[in-house]
Amino acid sequence: MTYDLNGKRVWVAGHRGMVGSAVVRRLASEGCEVITAGRETADLMRQSEVEAFMADAKPDAIVMAAAKVGGILANDTRPAEFLYENLMIEANIVAAAHANDVEKFLFLGSSCIYPKLADQPIAEGSLLTGPLEPTNEWYAIAKIAGIKLAQAYRKQYGRDYISAMPTNLYGPGDNFDLTSSHVMPAIIRKAHEAKVSGASSITVWGTGTPRREFLHADDCADALVFLLKTYSGHEHVNVGSGDDLTILDLTKLVCKVVGFEGEIVHDLSKPDGTPRKLMSADNLRGMGWGPRIALGEGIAETYQWFLQREAAREA
Ligand code: GFB
């Protein structure tokens, strides 16, 4: 262990999001105090508010799960928001962490930081070796800048600031809005609504041939806490499941879990994005961490969460 969480004050930035809330749940079984700050306490895009919050809250460690995130269409159509907001949030938090002597900082990126046509499975060393996928280059550039910020503070000031790159995540607390969500919640919702309405088909975007790797948010949170406690190094670490499947196969699996037996139709006016982004899991596995939640089980649990949320909304 390189960092003992016992008795530490850990700020989970972005605690209301899918990943942040999973990290808060996971940290409950550690001997640390979890600190959170809603937007009413600190707007993370405003440097003065971040500085004031950090000076007051005095965290020992930070998990940086706050970000502007979204699926392929949101990334492709709102580039200014994805680049600007993520740059501001991460720059404000890293600088304030350093100014307040925060001991440990864990930055979260995304598998889209890698070149569009990177060799598969993608090793950490592939970063900045080729052109990015155009639909998400804005978000990717912001996340690459975040990795570099953590590395720069480590290099110049000797800070123990590290980065993790999660693959495509899903789970309870995900965004199910069809215009801004990722593929998993979108397909769960489309299959469910088609089943309920008796529709004969659902429409998925693109050709269905791109491959994606999925990891449950609770597995991701477990990996992040593992890295917080055991990893201290310059290079970012991939956090994935080590397996991928085509979007068509994912859709068939979701339909099976949901119980929708109709047709799958493709909307070819929507982008496919990168053809494949399976990350190498070797580094994290070598450190002794592996995922626990199988894809089918995770989809079933996420679907139950979605059903409960829908029921609560209707009540
Ligand atoms: O999950 P997703 O939006 O993001 O889309 P990316 C993955 C694949 O699923 C693409 C297809 O090939 C989509 O065309 N797809 C099929 C759908 N049906 C749907 C649908 O109804 N909704 C959505 N959203 N997709 C994002 C990046 O890339 O992944 C971000 O834009 C980030 O920057 C994130 O890295 C993890 O995997 O293509």
Side-chain angles (χ1 to χ4, degrees), residues 17-19 65 67-79 81-83 85-87 108-118 120 122 127 132-147 164-171 174-194 201-217 220 236 238-241 244-255 258 260 263-279 295 299 302 306:
M18 177 178 69
V19 179
K68 172 87 178 179
V69 297
I72 191 166
L73 194 64
N75 268 266
D76 199 23
T77 53
R78 290 149 59 191
E81 287 173 49
F82 278 82
L83 181 55
E85 294 187 23
N86 284 303
L87 285 174
L108 297 197
S110 157
S111 57
C112 72
I113 58 159
Y114 291 115
K116 176 183 174 90
L117 301 175
Q120 311 282 320
I122 312 172
L127 183 64
L132 297 165
E133 154 61 30
T135 54
N136 60 32
E137 65 175 302
W138 321 94
Y139 179 74
I141 291 282
K143 288 296 180 182
I144 292 169
I147 298 172
M165 293 306 112
T167 188
N168 286 37
L169 302 172
Y170 72 98
D174 209 342
N175 167 23
F176 286 81
D177 173 79
L178 292 180
T179 56
S180 60
S181 77
H182 290 100
V183 62
M184 179 77 85
I187 302 296
I188 290 177
R189 180 168 175 179
K190 286 178 186 178
H192 170 73
E193 290 179 353
S201 65
I202 60 165
T203 303
V204 297
W205 296 352
T207 59
T209 57
R211 300 181 72 89
R212 292 292 183 270
E213 174 188 10
F214 294 94
L215 184 73
H216 192 286
C220 179
H236 60 280
N238 289 346
V239 176
S241 63
D244 66 356
L245 76 174
T246 66
I247 295 302
L248 183 59
D249 284 342
L250 172 76
T251 306
K252 288 177 181 166
L253 182 58
V254 169
C255 288
V258 169
F260 172 70
E263 209 188 329
I264 297 165
V265 175
H266 296 275
D267 176 358
L268 298 179
S269 72
K270 295 289 193 305
D272 269 347
T274 198
R276 193 179 187 197
K277 47 178 173 176
L278 175 64
M279 295 197 302
L295 187 57
I299 294 172
T302 307
F306 171 75

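Just so you know, ligand 1 is whichever comes first in the structure, and atom 1 is the first atom listed for that ligand.
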Heavy-atom nearest neighbour in the protein, as seen from atom 24 (N) of ligand 1, with distance rounded to 0.1 Å: S181 O, 2.9 Å
Any L132 side-chain heavy atom under 4.5 Å of I144 side chain: yes
Nearest-neighbour protein heavy atom for atom 8 (C) of ligand 1, which is reported as residue plus atom name and distance: I247 CD1, 3.6 Å
Heteroatom distance test (R212, ligand 1): nitrogen or oxygen, under 3.5 angstrom: yes
Atom 18 (N) of ligand 1: the protein heavy-atom neighbour that sits closest, reported with distance to 0.1 Å: W205 N, 2.9 Å
Backbone of P134 reached by a side-chain donor or acceptor of K116 within 3.5 Å: no
Check: E137 side chain, T135 main-chain N or O, donor-acceptor pair, under 3.5 Å: no
Backbone N/O of G70 and side chain of H182: donor-acceptor pair under 3.5 Å: yes
Considering all heavy atoms, the nearest L250-M184 contact: CD1-CE, 3.7 Å
H236 and Y114 aromatic ring geometry - parallel, tilted or perpendicular at 30°/60° bounds: tilted
S111 contact mode with ligand 1 (heavy-atom cut-off under 4.0 Å): neither
Element-labelled atoms of ligand 1 that are located less than 4.0 Å from some non-hydrogen atom of N136: 27 (C), 28 (O), 31 (O), 33 (O)
Part of V204 within contact of ligand 1 (heavy atoms, under 4.0 Å): both
Shortest non-hydrogen separation from K68 to N86 and the atoms involved: N-OD1, 2.9 Å
Exceeds 12 heavy-atom contacts within 6.0 angstrom, atom CH2 of W205: yes
Which segment of Y139 sits under 4.0 Å of ligand 1 when only heavy atoms are counted: side chain
Ligand-residue contact atoms, ligand 1 with N75, heavy atoms, under 4.0 Å: 27 (C), 30 (C), 31 (O), 33 (O)
Polar atom proximity, D272 to ligand 1 (N or O, under 3.5 Å): yes
Side-chain donor/acceptor of N238 to backbone N/O of I122, under 3.5 Å: yes
E213 backbone acceptor or donor facing T167 side chain under 3.5 Å: yes
Interfacing atoms of ligand 1 (cut-off 4.0 Å, heavy-atom, A186): 20 (C), 21 (O), 22 (N)
Any donor-acceptor pair under 3.5 Å from S241 side chain to F214 backbone: yes
Top protein contact for atom 4 (O) of ligand 1, by heavy-atom distance: I72 N, 3.7 Å
Side-chain donor or acceptor of E133 paired with backbone N/O of C112 under 3.5 Å: no
For atom 29 (O) of ligand 1, the protein heavy atom that lies nearest, with its residue and separation: K277 NZ, 3.5 Å
Intermediate values then yes/no, side-chain hydrogen bond (donor to acceptor under 3.5 Å, both in side chains), T207 and D272: CA-CA 7 Å; T207 59; D272 269 347; 2.7 Å; yes
Per-atom contacts, ligand 1 versus G71 - under 4.0 Å to a heavy atom: 3 (O), 31 (O)
Proximal ligand 1 atoms for K190, defined as those under 4.0 Å from one of its heavy atoms: 20 (C), 21 (O)
For atom 34 (C) of ligand 1, the protein heavy atom that lies nearest, with its residue and separation: H182 NE2, 3.2 Å
Ligand-residue contact atoms, ligand 1 with P210, heavy atoms, under 4.0 Å: 12 (O)
Distance-only polar pair, side chains of N175 and S180, donor-acceptor under 3.5 Å: yes
Nitrogen or oxygen atoms of G273 and ligand 1 under 3.5 Å apart: no
Within-cut-off N or O pair, P271 and ligand 1, under 3.5 Å: yes
Min heavy-atom dist M184 to ligand 1 below 4.0 Å: no
Protein heavy-atom partner closest to atom 32 (C) of ligand 1 - residue, atom, separation in Å: S110 OG, 3.8 Å
Shortest non-hydrogen contact between Y170 and T302, atoms and distance: CD1-OG1, 3.6 Å
Nearest neighbour in protein (non-hydrogen) for atom 1 (O) of ligand 1: V183 N, 2.9 Å
Sub-3.5 Å N/O-N/O distance, T203 and ligand 1: no
Under 3.5 Å: N/O of L178 near N/O of ligand 1: no
Sub-4.0 Å heavy-atom contact, N168 with ligand 1: yes
Per-atom contacts, ligand 1 versus C112 - under 4.0 Å to a heavy atom: 33 (O), 35 (O)
